[in-house]
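What follows is one structure encoded as structure tokens, with my remarks underneath.
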Amino acid sequence: MNPHLAPVAVPDPELLPRVQELCDLTDPYAHGPAEDELFAAAMAEIDAWHAERSPFFRSLRESTPEGQRPLVHANFFKRHEVLSIPRESVHLHLTSSGTTGQKSQMFFDEWTIRSAQRMVARIFERNGWITPDRDANYLLYSYEPAPELKLGTSFTDNYLCDFAPVRQVAYALRHTGNGHDFDPFGCVEALRRFERDDAPVRILGFPAFLWFTLERMRAMGLPPLRLPEGSLVVLGGGWKGHADRQIGKDELYARVTGQLGIPGERIRDTFGSVEHCVPYTECERHRLHVPVWSRVFIRSTRTLEELPYGERGYLHLVSPYITSVPAQSVLMGDLASRQPGSACGCGLKTDWFTIHGRAGVSRNRSCAVAAAELMKGMS
């Protein structure tokens, strides 16, 4: 068994039995009345947990009208450190942005981060992407590890290397001793080197960097590569900060297939954040389905009322997995719309959502914004 699928216990089994039961579900896309009832019970437990341990959440809960769920905007965590555990119980500290600008400061106890990791492992397992007996070469479109680097994206991409043994690894954002620089020629050389090997290639991280690598290959007049069978692309982080250069997913995926030889069903985008670590991974039809451990709502940008299927509004993410910080109900700055599972056709029955971009203009900088700045002058 992959170690990230191993059992993990909630901090207090007597207070959080339904949270434990929900997070122990092995089918990432289980769907039905029993799962809905379990989710509601788990949310009641986690709300009580944070109300008892966080004066902030207790006050928020008391001021929220009856029948409504308290929610916290993701930007709140860029300005405040609010914990529901003692500092000595913090197992991991991650941030959401680069070296400057406001950062979300998120703190995780062992249960919370291991529970989130197990969710990722369940989804990889369901897709057949855990291959302990077959090495892989990795090209990570994220930050090369460096002392004191606490970025959530870097942590996630390095964690994803645990699902197939590492033969070689190359980083797109190289540590220079004074920050990180994008290395397009190093990415091209890594791909050419990996093509000559027999191990599948796993490309993880920011889609913008992958696109600029493909553009550089074309500018250099290089012929298409054919990466080994079983290669996989798992993207995340978006194009924040460079919307004027963003291309559609269909075009990006077609270029990956054409220039690297990876079929479309092996190219998947993801959505997640350091404030809400539940993984959302595209199905084979490239829709972001909601896993059993969370619920997604779309809320009006004017009134915050819940919107019906098809309408655009703020993305509201809810999950009881987190015991360390009262981030079980987070309103994101992303505009999104939601559709029922039946509208996809892939066979999954849970709702799925589409991200339409950020709401308004903000000076807050995400990992993708900071990373995208490194591309200036590279294209």
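Keep in mind that the numbers below use all heavy atoms, side chains included, and drop hydrogens, waters and symmetry copies. The shown structure was predicted, so the numbers you read here are calculated from the model rather than taken from an experiment.
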Would you say [X] has more than 12 foreign heavy atoms packed within less than 6.0 Å of its [atom1]?
X: Glu305; atom1: CD; value: no
X: Glu229; atom1: CD; value: no
X: Glu88; atom1: CD; value: yes
X: Arg226; atom1: CZ; value: yes
X: Glu311; atom1: CD; value: yes
X: Arg312; atom1: CZ; value: no
X: Lys249; atom1: NZ; value: yes

### Query
Between Phe76 and Phe56, is a ring-ring contact (aromatic ring centres under 6.0 Å, His included) present by the stated rule, with each step listed?
CA-CA 11 Å; Phe76 175 86; Phe56 158 75; 4.5 Å; yes
So, [X] side chain and [Y] main chain: donor-acceptor pair closer than 3.5 Å or not?
X: Arg266; Y: Ser231; answer: yes
X: Gln259; Y: Leu214; answer: yes
X: Arg287; Y: Cys344; answer: yes
X: Glu35; Y: Gly32; answer: yes
X: Arg268; Y: Glu282; answer: yes

For the [atom1] atom of [X] and the [atom2] atom of [Y], what is their distance to the nearest 0.5 Å?
X: His175; Y: Glu144; atom1: NE2; atom2: CD; result: 7.5 Å
X: Leu260; Y: Leu191; atom1: CG; atom2: CG; result: 5.5 Å
X: Phe182; Y: Tyr141; atom1: CZ; atom2: OH; result: 6.0 Å
X: Met106; Y: Ser324; atom1: CE; atom2: OG; result: 6.5 Å
X: His50; Y: Ile85; atom1: NE2; atom2: CD1; result: 9.5 Å
X: Thr323; Y: Asp109; atom1: OG1; atom2: CG; result: 3.5 Å

Answer yes when [X] and [Y] have at least one side-chain N-carboxylate O distance shorter than 4.0 Å, and no when they do not.
X: Asp197; Y: Arg167; value: yes
X: Arg18; Y: Glu21; value: yes
X: Glu306; Y: Arg69; value: no
X: Arg295; Y: Asp351; value: no

#### Entry: Whether His286 and Tyr253 hold their rings parallel, tilted or perpendicular, with breakpoints at 30° and 60°
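Correct class here is tilted.
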### Aromatic ring pairing His4/Phe163, orientation class (parallel under 30°, perpendicular over 60°, tilted between)
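Because their plane-to-plane angle is over 60°, the rings of His4 and Phe163 count as perpendicular.
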### Query
In terms of hydrophobic clusters joined by side-chain contacts under 4.5 Å, are Leu335 and Tyr309 together?
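Leu335 and Tyr309: separate clusters.
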### Query
Going through the checks in order, is the side-chain contact (heavy atoms from CB on, under 4.5 Å) test met by Gln328 and Trp49?
CA-CA 11 Å; Gln328 72 273 31; Trp49 171 274; over 6 Å; no
### Message
Against the six-membered ring of Phe107, is Arg87 placed for a cation-pi contact (under 6.0 Å from the centre, within 45° of the normal)?
### Response
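Yes; both conditions hold, so Arg87 lies above the ring face of Phe107.
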pair [X]-[Y]: side-chain heavy atoms closer than 4.5 Å:
X: Cys187; Y: Phe212; value: no
X: Pro28; Y: Trp293; value: yes
X: Lys349; Y: Tyr29; value: no
X: Arg192; Y: Met217; value: no
X: Ser142; Y: Leu173; value: no
X: Glu45; Y: Pro320; value: no
X: Gln117; Y: Arg114; value: yes
X: Asp181; Y: Arg174; value: no

Would you say [Y] and [X] are linked by a side-chain donor-acceptor pair, where the criterion is simply a distance under 3.5 Å?
X: Thr354; Y: Ser337; result: no
X: Arg193; Y: Gln168; result: yes
X: Ser319; Y: His276; result: no

Heavy-atom closest contact ([X] atom, [Y] atom, distance):
X: Pro326; Y: Ser84; answer: CD-OG, 3.5 Å
X: Cys283; Y: Leu348; answer: CB-CD1, 4.2 Å
X: Leu288; Y: Thr281; answer: CD2-C, 4.0 Å
X: Met119; Y: Cys23; answer: CE-SG, 4.3 Å
X: Ala199; Y: Asp135; answer: CB-O, 3.8 Å
X: Phe108; Y: Ile113; answer: CB-CB, 4.0 Å

#### Entry: CA sep, side-chain torsions, deciding dist, call: Tyr280, Leu317, side-chain contact (heavy atoms from CB on, under 4.5 Å)
CA-CA 11 Å; Tyr280 300 90; Leu317 305 175; 3.9 Å; yes
### Query
Pick from Trp352, Phe271, Phe353: which one makes a side chain to side chain contact (heavy atoms under 4.5 Å, CB included) with Val296?
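That would be Phe353.
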### Message
Run Met332 and Ile355 through side-chain contact (heavy atoms from CB on, under 4.5 Å) and show every step you take.
### Response
CA-CA 11 Å; Met332 306 300 294; Ile355 300 294; over 6 Å; no
### Query
Could you walk me through whether Thr350 and Val292 pass the side-chain contact (heavy atoms from CB on, under 4.5 Å) check?
CA-CA 8 Å; Thr350 63; Val292 68; 6.0 Å; no
